[in-house]
Each structure stands twice: as structure tokens, then as C-alpha cells.
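Down below is the structure, laid out as C-alpha cells.
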Protein chains: 2
Amino acid sequence: MFNIQEIDADRLETAANMLKAIAHPVRIAILKHLEGGKKLTVTEIHELLGIEQSTTSHHLGILKDKGVLCSRREGKNTYYYLKHDILSQIVDCLQRCTCEE
Amino acid sequence: MFNIQEIDADRLETAANMLKAIAHPVRIAILKHLEGGKKLTVTEIHELLGIEQSTTSHHLGILKDKGVLCSRREGKNTYYYLKHDILSQIVDCLQRCTCEE
DNA sequence: ATCAAATATTCATATATTTGCATCTATAAA
DNA sequence: TTTATAGATGCAAATATATGAATATTTGAT
């Protein structure tokens, strides 16, 4: 037996975790680079953003773990890409909400 | 003088802060209650969600500080409401992305 | 002026997140 | 099978966030 409140609480947790995964300047930058179905390797992102390789990998891991990104290994490279293209909406929405005032 | 990278970094920070403000189960719950232009007082939210008054006030303060909510005092009450109705999109988008798998 | 209700703030504790070095693993090339 | 490249992971220090009890502030009513 389980009640509505718990389900709701679980979904709130999930939603919050997904959002928390995105809510970081580096990770938003990553998402912007992956918009439109693009696939990039860890090294490409690490060079593109000018941050440490391990830091990059950590961030990508968080995004993947929370269901924001997927990854596919191809030889020595691992390509990361958006799991739900819809998620670009969030970034877009933010951009609209943060350009004024 | 200032360069593109810095502006961009600032906007990323702002976006991340706004998203970080939202990325919390309690705060997502608050937003859901405020969808559609609704205005609620601190007490109403605190009772609705069954959390401490001071905790509620903290969360509302964060949402307001980061530009997600506005507030208007009316007598002894302070009403909180969404600053950008668009922000409901984020919650909706999340809901779509978290109901499957 | 006093009181009570609504909200905000301070403070402390507990917990989580970020970063990067060092290291480990996986794969491809020589 | 050795070596180089790409990526992941363990760990620790620094920093940030969450929560709630206690307290302060604001406002309206008496």
C-alpha cells in the first residue's frame, strides 16, 4: 500500500534532482553545446569550456545519472548527448527569463 | 572594457542561480501551487505543505531573491506569486520528462 | 499603549556539492 | 605486449545549502 502523497513526494524528488543536475553554470553551458541533438566527447567539452578533464567527467556523470544526458562509447571516445530534446526548453526559458530587468 | 566570455559567464551564473532556486522538492511544490497567477501567503503555503513557518519563509525568500517569485504585502499578510508565468513551463517540462522510464 | 497574528531574521548544526589531483581502467596503435 | 589516449573514479578540502528553534519585526485590533 502506498498513498498519493508519497508518489507525489517521489516525483518531486525526481524532478528536483533532474533540475539540480542542470542548475550549475558549467552544466548549463554543456547543455547549450548539446542542443539540437549534437553529440560531443568528454575531451571536446573539456577543451570547449576550458575546465579540467576530471571536472568535466564529473559534471557529465551527474547529468547522465539524473537522466539529462545519455552517452555512447565509440572506440576510445564517449559521446554525450541530450536524452530528452525537450530539455532545451528549460535552457531557452531561462534565457528568456534572465535577459531583462 | 569587458568581453563576451564574461557576459556569458554572468548570464550562466544568473540562469544557474534561478534554476538552483527552483531545484528543490519543497520549492517545486510551492511553484505548482502558484501556477496560473495564484497568490498565496506564507501561512497558507506553510500549512499546505506541512512544513515549518520559518522554513517556508526561507524557501520563499530564496525564490524571491533569485527572481522566481514576487511578493506583495497586504496588511499582516504577504502574498507570493510567480514573477514570470513562463516559469510554469519548466515545471511542466520536468513533469513530462519524469513520468516515463 | 498593549497584545496577538503574520512574517522575517539570526544562528547553529547537519548535510550536500564542487573542484582537481592522483590514480585507475578501457581501448587502439605500434 | 608495450605505449599512448580517452575517460572514469576515489578522495579530500573548500564551499554552499537546508532545516528549525529562538527571536525580532511589522501590522492591525483593542
Side-chain angles (χ1 to χ4, degrees), chain A residues 9-10 12-31 33-34 38-83, chain B residues 9-10 12-31 33-34 38-83:
Chain A
D10 276 1
L12 281 177
E13 275 292 340
T14 307
N17 283 334
M18 187 173 258
L19 218 51
K20 226 185 294 181
I22 303 177
H24 185 288
V26 165
R27 297 196 294 261
I28 293 178
I30 291 175
L31 294 197
H33 282 290
L34 295 177
K38 256 170 285 177
K39 302 185 178 198
L40 294 175
T41 68
V42 181
T43 301
E44 284 171 328
I45 294 171
H46 130 67
E47 287 172 348
L48 222 45
L49 303 185
I51 57 179
E52 284 293 319
Q53 179 274 319
S54 88
T55 303
T56 309
S57 190
H58 277 132
H59 284 302
L60 289 169
I62 290 168
L63 287 168
K64 184 180 177 184
D65 184 52
K66 300 309 185 215
V68 180
L69 299 184
C70 288
S71 67
R72 168 204 296 264
R73 177 146 214 161
E74 272 177 40
K76 278 186 298 190
N77 299 306
T78 302
Y79 288 88
Y80 281 87
Y81 53 95
L82 285 179
K83 182 165 183 183
Chain B
D10 276 2
L12 282 176
E13 274 294 339
T14 307
N17 283 334
M18 187 173 257
L19 217 52
K20 227 184 293 181
I22 303 176
H24 186 289
V26 166
R27 297 196 293 260
I28 293 178
I30 291 175
L31 294 197
H33 282 292
L34 295 178
K38 256 170 286 177
K39 303 186 179 199
L40 295 175
T41 68
V42 180
T43 300
E44 284 170 329
I45 294 171
H46 131 69
E47 286 172 349
L48 222 44
L49 303 185
I51 57 179
E52 285 295 320
Q53 179 274 320
S54 88
T55 303
T56 309
S57 190
H58 280 312
H59 285 303
L60 290 170
I62 290 167
L63 287 168
K64 184 180 177 186
D65 184 50
K66 300 306 185 221
V68 180
L69 299 184
C70 289
S71 68
R72 169 205 296 265
R73 178 144 214 161
E74 273 176 38
K76 277 185 298 188
N77 300 305
T78 302
Y79 288 88
Y80 281 86
Y81 53 96
L82 285 179
K83 181 165 182 183

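Just so it is clear, the values below take in all heavy atoms, side chains as well, and ignore hydrogens, waters and symmetry mates. First the proteins, then the strands, lettered A, B, ... as listed; each starts at 1.
When rounded to the nearest whole Å, the span between CG of B:Asn17 and C1' of D:dT17 equals 13 Å. To the nearest angstrom, C1' of C:dT9 lies 14 Å from CG of B:Asp65. Rounded to an integer number of Å, the gap from A:Leu19 CG to C:dT17 C1' is 16 Å. Distance B:Lys76 NZ to C:dA4 P: 11 Å, rounded to the nearest Å. Computed from coordinates, the A:Leu60 CG to D:dA6 C1' distance equals 13 Å when rounded to whole Å. Spacing between atom CD of B:Glu44 and atom C1' of C:dA5 amounts to 14 Å, rounded to whole angstrom units. The interatomic distance linking B:Arg72 (CZ) with D:dT27 (C1') rounds to 17 Å, in whole Å. Here the C1' atom of nucleotide D:dA4 and the CG atom of A:Asn77 are 14 Å apart, to the nearest Å.
Minimum heavy-atom separation, B:Lys66 to B:Asn17: CG-O, 3.7 Å.
Within the nucleic acid shown, B:Ile62 comes within 4.0 Å of sugar-phosphate atoms alone, with no base atom in reach, counting heavy atoms only. Backbone-only contact: B:Thr41 has heavy atoms under 4.0 Å from sugar-phosphate atoms and none from a base. As judged by a 4.0 angstrom heavy-atom cut-off over every strand, B:Thr55 is placed among the base-contacting residues. Across all strands, B:Thr78 comes closer than 4.0 Å only to sugar-phosphate atoms, never to a base (heavy-atom distances). Using a 4.0 Å heavy-atom cutoff across all strands shown, B:His24 reaches sugar-phosphate atoms only and no base atom. Nucleic acid contact for A:Tyr80: sugar-phosphate only, since backbone atoms but no base atoms lie under 4.0 Å from a heavy atom of the residue.
Considering only the side chain of B:His59, D:dT19 comes nearest among D:dT19, D:dA21, C:dT7. Here the nucleotide nearest the side chain of B:Arg73, chosen from D:dT27, C:dT19, C:dC21, is D:dT27. Side-chain proximity of B:His58 to C:dT27, D:dG7, D:dT19: nearest is D:dT19.
With B:Tyr81 as the aromatic partner, B:Lys39 meets the cation-pi criteria of under 6.0 angstrom to the ring centre and within 45 degrees of the ring axis.
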CA sep, side-chain torsions, deciding dist, call: B:Val42, B:Gln53, side chain to side chain contact (heavy atoms under 4.5 Å, CB included): CA-CA 7 Å; B:Val42 180; B:Gln53 179 274 320; 4.3 Å; yes
Stepwise side chain to side chain contact (heavy atoms under 4.5 Å, CB included) test for B:Arg72 and B:Thr78: CA-CA 6 Å; B:Arg72 169 205 296 265; B:Thr78 302; over 6 Å; no
Step-by-step side chain to side chain contact (heavy atoms under 4.5 Å, CB included) determination, B:Leu63 to B:Leu31: CA-CA 9 Å; B:Leu63 287 168; B:Leu31 294 197; 4.3 Å; yes
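Looking at A:Gln53, its side chain comes within 3.5 Å of the base of D:dA8 through a donor and an acceptor atom.
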